[in-house]
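Structure first, commentary second.
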Amino acid sequence: MNVMDMDIAKDVTDLDPELLQLPEVSPLALKTSPQIAEELFEQWLSLPDTGRLVKSLIDDAKAGISFGASGNSTSTNACAVSPLPSLFPAASTPPLSPRSAVGSPRTMKQRSSFSSLGSPLKLVKEPVREVIPQFYFQDGPPPSEELRVQCNSRVDEIFNRNMDGLQVHEFITVTKDICKLPSFLSSTLFLKIDTSCTGLVTRDAFIKYWVESKMITLDIATQIYKILKQPDCKYLTQADFRPALKELLATHPGLEFLQNTPEFQERYAETVIYRIFYYINRSGNGHLTLRELRRGNLITAMQHADEEEDINKVLRYFSYEHFYVIYCKFWELDTDHDFLIDKENLIKYGNHALTYRIVDRIFSQVPRKFTSSIEGKMGYEDFVYFMLAEEDKSSEPSLEYWFRCIDLDGNGVLTRNEMQFFYEEQLHRMECMGQEPVLFEDILCQLVDMISPEREDYITMQDFRGCKLSGNVFNILFNLNKFMAFESRDPFLIRQEREDPTLTEWDRFAHREYIRLSMEEDGESNGSAEVWDESLEAPF
């Protein structure tokens, strides 16, 4: 060995690995200055342990001895060789850079490297995968232990007094206190559990249905939906509501006066169901889905009806006064009392407020197909839909009803010609009554200003939905009385709206009509007509 080699060996032996520690070098720096990597590699080769390891591997290769992926030699020489020397002490091993995925063991296939040759630099292990708990349950999530204990405790308290089980009239406590459901669903829920029709519901049977089948964890809309619907159906029909309304009529204090008039009990129940489907069943196919039930306000109205003793304060669906107004209006028009109405009957509605052309469209069954099987006749259910649409044009079902009537070609838009077709009869009626006619050109400008459609050449249903005055558009086209009331801006209507803005057009109409009808009935029963209070008179 010459002097120069001895000096190099001495320098390598005296090389302190601590002096080789460098700050973290970015890939960009290595790419622009490759000499840095070359210098580091040369320093690593100059270490004594590196020379011994390389010599051991060469000897093994000459002897034909193979070694595994771990890089550990199988020869005796390799046994004495220390692992691959590192430029960095084990105590100060730098972490993997989080700034780049290049070379990461997560994104690159494992390959032979320094680590495969026995380096003390250890591969970062794959992170432990966290098990995500189940969050979707087709039949509802299982009840928590706390909820199960609370329910069982209350169930034991009630059923311990009736070890053999509860009869249907005793089951109301379970329905209200444990299930938190309206009490008039008690009989329906009882029959859902008592599938064998034994007349009793035992503790175990209730726990199996309410707790073990996970009914307890469902939202109230889904609970009521499952209780009311038939097992083999995926929707609710009108018949599914009849048992609940029958129990409401039998138990509600505000309907007790109907106990001796079963025919009116039946009519009341029908009217409530028709109103429910008019507002909630937006598809109009008679199949009320869970989605529609959740989106509507029926559940809130049912809870209100269960808590409120005065049924007339439950304005949504259950008000007896509202039923009374609808039924009496139908009875007034049905002169032969065959429970059917024809065109000549309907044209008299609202003191002949409607035009013949709009009545013809109604009887063409374009807005809604009649349930009556007799040609040219409208049944009671059809009349309920018509009356709700006519007296509350601010609601979306009403807007859709009348939009289909005016849309003569059914293309989903209202054109100038279609609106003019219906307004022509209004114009003729104004001339016959000696009123100053309003030309259609002026009316069309007014309609466009009211609706502010996206396009001025036609109006879409979406345009109607975004306008609070949409109902007045239809009144202008085919209801002369309401058109004139709107033109005169009747102060009576304005005062009513300001007194209680939460009331709908239907609520205010039904209130006025109920007062009128009740006073007429009182006058007939007393044998004399009472003086009519002009402040209560409808403006049209």
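With hydrogens and angles ignored, the 3.5 Å screen pairs a side-chain donor or acceptor of Q223 with a backbone N or O of M215. Formation of a donor-acceptor pair under 3.5 Å by the Q167 side chain with backbone atoms of G199 is not found in this model. For the pair N345 (side chain) and D334 (backbone), a donor-acceptor distance under 3.5 Å is absent.
Checked against a 6.0 Å centroid threshold, the rings of Y401 and Y278 do not count as neighbours. Side-chain rings of F264 and Y327 approach one another, their centers coming within less than 6.0 Å. Checked against a 6.0 Å centroid threshold, the rings of Y349 and F386 count as neighbours.
For the pair E396 and R465, the salt-bridge criterion is met [side-chain N within less than 4.0 Å of a carboxylate O].
Residue F422 holds its CZ atom at 5.5 Å from CZ of R361, rounded to the nearest 0.5 Å.
Just one residue in the list Y317, Y380, Y324, Y320 forms a side chain to side chain donor-acceptor pair (under 3.5 Å) with T271, and that residue is Y380.
In summary, the side chains of T222 and R294 do present a donor paired with an acceptor at a separation below 3.5 Å, with no hydrogens or angles considered. A donor-acceptor contact under 3.5 angstrom links the side chains of D463 and T460, judged on distance only. Neither side chain, D177 nor T173, offers a donor N or O lying under 3.5 Å from an acceptor on the other.
Inter-residue side-chain proximity for K329 and M387 is flagged as met; some heavy-atom pair is nearer than 4.5 Å.
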